[in-house]
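What follows is one structure encoded as structure tokens, with my remarks underneath.
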Amino acid sequence: MACYAALLHQPLASSLSPCSSSRRAGAARAPLRLQRAATPSLASAPRVRISPRCAASAGAGAPGEPPAAALRRLLETPGAHQAPACYDALSARLVERAGFRACFTSGFSISAARLGLPDVGLISYGEMIDQGRLITEAVSIPVIGDADNGYGNSMNVKRTVKGYINAGFAGIILEDQVSPKACGHTQGRKVVSREEAIMHIKAVVDARNESGSDIVIVARTDSRQALSLDEALWRVRAFADAGADVLFIDALASREEMKAFCAIAPGVTKMANMLEGGGKTPILSPVELEEIGYKIIAYPLSLIGVSMRAMEDALIAIKGGRIPPPSSLPSFEEIKDTLGFNHYYDEEKRYVVTPAQSSYQTGYHDYTGEPSIPGDFRSTTEKPQEPVIGILPQLYDIGSSGSRGPSTGMWSRTLRLKITGRDGVLKIDAKIPAGFLEGMTRIIPGLAGANIMERLRNAPIDADNPQNGQILLDFEDAMGDRIQVFIA
């Protein structure tokens with residue numbers, strides 16, 4: 001531990017001078033480095049997207065609060081905060097439903113779920129932004145985005161930061177690996193030079209300032225496995241001086257190394273990475289991690305790992321002629337509730353337009369054919385409306401042989417289309433001459449193997465309501481509406 005203690009007092013090399021200007025001269029570092037000197041107003045922040053689900057979660061920020069502000073406020077509260085890593089919109093929503101107040105995206109898991117490939121630098125900036133935008137739109141809790149190594153040099157890093165801000169991320173993680181990068185717990189890790197790593201963090205800070213954002217910067221180094229613990233500790237202290245809000249050394253190998261890390265830059269937030277299933281870092285409880293000095297804890301593989309195992313077990317069951325047991329398969333109702341079907345149905349009712357409410361207006365003429373006056377906002381209920389639409393034009397083949405006419409054959413009968421919503425409200429009750437079908441059968445004698453005219457002649461009578469006539473169709477569509485077609 002002697003080398004760790006000496007490192008705490010080691011001055012930074014003169015090569016760091018280009019970055020040291022970002023520090024507030026002579027000022028003590030703010031607690032957690034989360035209170036910034038000049039936070040831009042909401043009016044000046046470009047394209048800040050606030051999730052419409054913002055008030056739906058206990059972990060969400062105040063209505064209208066930018067994601068970064070919500071994350072900073074969370075990190076200023078007591079305790080070490082757990083944040084499972086998600087990889088798509090559904091997994092993010094499950095994290096929020098479980099009560100977590102923040103989550104990460106995992107490049108490892110997104111590469112696995114989106115590409116079916118290992119985390120070895122194959123996934124691109126565009127793919128990560130696209131997946132991230134879907135994730136941030138699905139939840140109201142702040143999301144910290146894995147941005148790998150920034151996808152290039154310092155100019156690429158700046159573009160990456162601005163893209164993550166516009167995608168709705170509350171925080172961004174940048175690492176110092178060379179390209180192609182890979183999971184920090186795998187073999188063969190290599191990092192860029194000290195100077196380049198620090199310049200990347202300076203570029204992140206500049207991009208944040210240029211965007212008028214307050215996105216939380218998480219600076220990660222992989223130099224513990226690539227070089228040494230001493231180098232990793234030196235780098236994170238330099239990252240703090242360059243303006244990082246949160247520090248992260250990946251793949252620390254012992255509790256003692258974790259303590260040495262948390263002793264660096266005491267006023268800056270520390271992140272722990274509990275890589276499940278056999279990573280290099282010891283798995284500790286949130287209480288133990290808080291005692292060491294950590295403030296936020298990532299769990300990168302839990303969700304993707306259990307999903308892979310559950311899908312494998314389900315496929316084994318299906319291949320054996322069974323379905324997954326109830327203990328591992330939610331009911332259809334539970335699945336629908338998780339995905340928001342019930343919420344959708346409730347909200348949809350607010351926008352249902354019944355025939356009695358509709359004015360059937362087209363341009364400046366209403367359904368009566370009378371010109372309507374622009375700016376005339378009289379309630380449509382002032383006009384007598386009925387939920388029955390009669391469409392009975394005199395359309396038949398006058399030149400055809402025989403005595404065919406509007407009162408003979410099929411033209412003497414009427415087709416009735418009736419649609420009743422799942423809430424019992426009558427949506428449509430329309431009538432048209434059945435003779436239309438007779439003309440159509442000359443071109444299309446049958447549909448789906450059924451003779452149309454024969455179907456008309458043999459249709460059964462509606463026993464419950466004989467006045468409706470014969471039943472041609474009676475079914476429910478995917479939205480739960482009942483659709484009926486009669487001929488009378």
Side-chain angles (χ1 to χ4, degrees), residues 52-53 56 88-90 93 97 134 137-138 314 318 323-324 326 329-362 366-367 380-381 385-393 395 410 413-441 443-488:
R53 290 163 44 82
D88 61 11
L90 176 58
R93 182 165 293 180
R97 281 171 58 91
L134 296 174
E137 289 176 350
I318 293 170
I323 62 171
L329 178 66
S331 69
F332 185 48
E333 288 301 318
E334 290 173 321
I335 293 174
K336 290 194 299 180
D337 183 58
T338 297
L339 295 176
F341 273 84
N342 295 328
H343 175 77
Y344 173 88
Y345 292 144
D346 291 339
E347 187 174 0
E348 182 189 30
K349 292 177 183 178
R350 296 167 51 192
Y351 307 105
V352 171
V353 178
T354 65
Q357 295 172 318
S358 176
S359 64
Y360 301 99
Q361 290 184 337
T362 303
D366 61 21
Y367 76 107
T380 56
T381 57
Q385 299 286 339
E386 295 294 338
V388 177
I389 308 168
I391 309 174
L392 297 170
L395 295 177
M410 274 296 168
R413 307 185 70 182
T414 302
L415 278 178
R416 182 183 182 190
L417 171 64
K418 185 178 179 182
I419 300 179
T420 307
R422 61 196 298 271
D423 54 2
V425 175
L426 182 63
K427 293 184 175 180
I428 294 178
D429 193 349
K431 297 177 182 179
I432 62 173
F436 280 120
L437 287 179
E438 187 175 18
M440 186 179 70
T441 56
I443 302 172
I444 309 173
L447 292 173
N451 185 286
I452 296 173
M453 295 305 296
E454 183 178 350
R455 186 73 176 266
L456 289 172
R457 288 191 291 269
N458 298 330
I461 297 293
D462 185 354
D464 296 331
N465 299 284
Q467 70 275 11
N468 287 335
Q470 296 168 278
I471 305 174
L472 291 179
L473 296 172
D474 190 350
F475 66 96
E476 288 189 1
D477 66 5
M479 298 299 296
D481 292 345
R482 185 180 183 185
I483 299 175
Q484 298 170 289
V485 180
F486 307 96
I487 182 168

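Note on Lys427 versus Asp481: salt bridge recorded, some NZ/NE/NH1/NH2 to OD/OE distance being below 4.0 Å. Salt-bridge annotation for Asp423 and Lys349: absent, with no side-chain N of the basic residue lying under 4.0 Å from a carboxylate O of the acidic one.
Side-chain atoms of Thr338 and Arg93, non-hydrogen and from C-beta on, never get closer than 4.5 Å to each other. Taking 4.5 Å as the limit, some side-chain heavy atom of Tyr345 sits within range of a side-chain heavy atom of Glu348. Contact of the Leu426 side chain with the Lys418 side chain is registered, since non-hydrogen atoms from C-beta on lie closer than 4.5 Å. When side chains are defined from C-beta on, Asp477 counts as touching Ile483, because their heavy atoms get closer than 4.5 Å. Contact of the Leu90 side chain with the Leu339 side chain is registered, since non-hydrogen atoms from C-beta on lie closer than 4.5 Å.
By the 6.0 Å contact criterion, CZ on Phe341 is open, its count of non-hydrogen atoms from other residues, nucleotides or ligands being 12 or less. For Phe475, the CZ atom sits in a packed shell: over 12 heavy atoms of surrounding residues, nucleotides or ligands are nearer than 6.0 Å.
In this structure, the side chain of Glu334 engages the main chain of Ser331 through a donor-acceptor pair within 3.5 Å.
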When you look at Asp429 and Arg416, which way does the side chain to side chain contact (heavy atoms under 4.5 Å, CB included) test go after all the steps? CA-CA 7 Å; Asp429 193 349; Arg416 182 183 182 190; 2.7 Å; yes
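Here Glu333 pairs with Lys336 under the salt bridge (Lys or Arg N to Asp or Glu O under 4.0 Å) rule; sequence neighbours left out. In this structure Arg482 satisfies the side-chain hydrogen bond (donor to acceptor under 3.5 Å, both in side chains) test together with Asp474, sequence neighbours excluded.
When all heavy atoms of Ala89 and Leu134 are compared, the closest pair comes out as CB-O, 3.7 Å.
Taken from CD1 in Ile419 to CE in Met479, the straight-line distance is 12.5 Å, to the nearest 0.5 Å.
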